[in-house]
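The structure appears below as structure tokens.
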Amino acid sequence: MSDDDRPRVRYEKRDGVAHVTIDRPAVLNAMDLRTHEELAAVWDDYEADDALQVAVLTGAGDRSFSVGQDLRERAQLNAAGAAPTTFGSRGQPGWPRLTERFDLSKPVIARVDGYALGGGFELALACDIIVASDRSVFALPEVRLGLVPGAGGAFRLARQLPLKQAMGYLLTGRRMTADVALRAGLVNDVVPADGLDACVTGWTDDLVRAAPLAVRAIKEAVLRSLDLPLPEAFAATYGWEQRRMHSEDAVEGPRAFAEQRPPRWRGR
């Protein structure tokens, strides 16, 4: 089967975990427009399926998470007179992409092994947790290509690093090793490649054990309040917190603790 015919994304569900794999290893998991369309359908399904509590996003093979936009396709689109792109993906295939799904209520873990460049790094930055192998490399090289980090890299990196560090990487396209990313606080864990899956499983096991409504409430509250003064953050109304506060799970947790047994979460 040719690359034109193969699905770009593998999507598997196992034990409450959605496993999402960008499956174009021959081009280092570069993302063409069809990849974005397939990923959008995956994120729709993940959000809607209450049996799923966490998603793991990765790239096929052992060389690359993703090197971002398929530049060969972009060059062809430019030659055909396609409109230039800028920040955001509104009006393009796969919108809203993960980088703009600001209301995605469940956590996503980026499993990074190898290159996370351009849009690939932007995908990882949009995830809630990043686990990387020690051979991983991160960069936003758009400036060297006459482009901008249009999938949010310019915005997220400056929020997740001190400003001078972020500007250094954004304005030069310099690469960052996994160890540097760990020390900077961009990733949660860096492990040898042969321990990557075990490390990711540790995170997914913990998230599957957590109360699903509490996870959603915390994610929503944290992300919505990042730019709010503390008094406003406390006073704001959060939809998922309203559901958690009035749920059976909010009663079940303290009851299970008092009875010295594991909680039985119902997600309602």
Side-chain angles (χ1 to χ4, degrees), residues 17-22 25 28-31 39 43 46 53-68 97-102 104 106-142 149 151-208 210 215 218-219 222-223 226:
V17 181
H19 295 269
V20 184
T21 305
I22 302 170
L28 300 179
N29 301 314
M31 293 176 287
L39 283 170
W43 301 128
Y46 172 54
Q53 293 174 250
V54 56
V56 175
L57 174 64
T58 194
D62 58 6
R63 297 177 60 203
S64 176
F65 174 76
S66 172
V67 294
R97 298 172 184 175
L98 179 63
T99 49
E100 293 171 79
R101 288 195 178 233
F102 305 113
L104 183 65
K106 292 188 280 189
V108 182
I109 297 173
R111 175 196 176 277
V112 178
D113 188 18
Y115 295 116
L117 307 181
F121 191 11
E122 291 173 304
L123 270 185
L125 288 171
C127 293
D128 303 288
I129 293 167
I130 301 177
V131 180
S133 70
D134 55 8
R135 62 190 178 193
S136 296
V137 179
F138 302 88
L140 293 170
E142 284 84 352
F155 310 132
R156 284 192 170 93
L157 198 66
R159 285 164 166 77
Q160 297 180 30
L161 283 181
L163 182 58
K164 291 296 189 294
Q165 289 187 30
M167 291 297 279
Y169 287 107
L170 287 163
L171 297 179
T172 66
R174 288 182 178 182
R175 294 185 175 189
M176 181 189 313
T177 65
D179 285 340
V180 170
L182 179 65
R183 291 197 299 271
L186 280 178
V187 305
N188 298 80
D189 276 319
V190 172
V191 297
D194 60 6
L196 185 58
D197 286 331
C199 186
V200 170
T201 297
W203 283 99
T204 58
D205 285 350
D206 284 346
L207 283 160
V208 167
V215 169
I218 291 169
K219 175 173 176 173
V222 169
L223 295 182
L226 281 175

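Quick note: residue numbers are just sequence positions, from 1. Quick note: numbers below take in every heavy atom, side chains included, and nothing from hydrogens, waters or symmetry partners.
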message = Checking T201 against T204: is there a side-chain donor and acceptor pair closer than 3.5 Å?
response = no
remark   = L123 and M31 have their tightest heavy-atom pair at CD1-SD, 3.6 Å
message = Going by salt bridge (Lys or Arg N to Asp or Glu O under 4.0 Å), name the pairs with one or both residues in residues 166-187, residues two or more places apart or in two chains.
response = none
message = Apply side-chain contact (heavy atoms from CB on, under 4.5 Å) to residues V190 and C199 and explain how you reach the verdict.
response = CA-CA 9 Å; V190 172; C199 186; over 6 Å; no
key: Distance, nearest 0.5 Å, that separates CD of E122 from CD of E100   = 10.0 Å
message = Check whether T99 reaches the backbone of G152 with its side chain - one donor and one acceptor, N or O, closer than 3.5 Å.
response = no
message = Once rounded to the nearest 0.5 Å, what's the spacing between atom CD1 of I130 and atom CG of L57?
response = 10.5 Å
ask   = Which residue pairs pass the ring pair (Phe, Tyr, Trp, His ring centres under 6.0 Å) test when at least one of the two sits in residues 156-188, sequence neighbours left out?
value = none
task = Using the test salt bridge (charged side-chain N to carboxylate O under 4.0 Å, His left out), find all partners of R111 that sit at least two apart in sequence or belong to another chain.
result = D197
inquiry  = If I compare all heavy atoms of L186 with all of L125, which pair ends up nearest, and what's the gap?
reply    = CD2-CD2, 3.9 Å
query = In Å, rounded to the nearest 0.5 Å, how long is the span from CZ of R97 to CG of L39?
reply = 9.5 Å
request  = Decide yes or no on side-chain contact (heavy atoms from CB on, under 4.5 Å) for Y46 and V20, but give the supporting numbers first.
outcome  = CA-CA 10 Å; Y46 172 54; V20 184; over 6 Å; no
key: Backbone N/O of A55 and side chain of K106: donor-acceptor pair under 3.5 Å   = no
inquiry  = Could you check whether any side-chain heavy atom of L223 comes within less than 4.5 Å of a side-chain heavy atom of F102, counting everything from C-beta outward?
reply    = no
ask   = Can you name the closest pair of heavy atoms from G120 and F65 and give their distance?
value = O-CE2, 3.2 Å
note = When rounded to the nearest 0.5 Å, the distance separating CG of D189 from CG of L182 is 7.5 Å
request  = Please check if any side-chain donor atom of W203 sits under 3.5 Å from a side-chain acceptor atom of N188, or the reverse.
outcome  = no
note = In terms of heavy-atom contacts, L98 and A126 come closest through O-CB, 4.2 Å
remark   = Note: M176 and V180 closest approach over all heavy atoms is CG-CG1, 3.6 Å
key: Any side-chain heavy-atom pair of V215 and Q53 under 4.5 Å   = no
key: For D206, salt bridge (charged side-chain N to carboxylate O under 4.0 Å, His left out) partners two or more places apart   = R209
ask   = ring pair (Phe, Tyr, Trp, His ring centres under 6.0 Å): which pairs involve residues 112-136, sequence neighbours left out?
value = F121-F138
key: Between CD1 on residue I109 and CD1 on residue I129, distance to nearest 0.5 Å   = 5.0 Å
Any pair counted as salt bridge (Lys or Arg N to Asp or Glu O under 4.0 Å), so long as it reaches residues 155-168, sequence neighbours left out = none
ask   = Going by distance alone, is a donor N or O of one side chain under 3.5 Å from an acceptor N or O of the other, for S66 and N29?
value = no
note = Note: L170 and P149 closest approach over all heavy atoms is CD2-CG, 3.9 Å
inquiry  = Side chains of L117 and L28, heavy atoms from C-beta outward: is any pair under 4.5 Å?
reply    = no
query = So, S133 side chain and A193 main chain: donor-acceptor pair closer than 3.5 Å or not?
reply = no
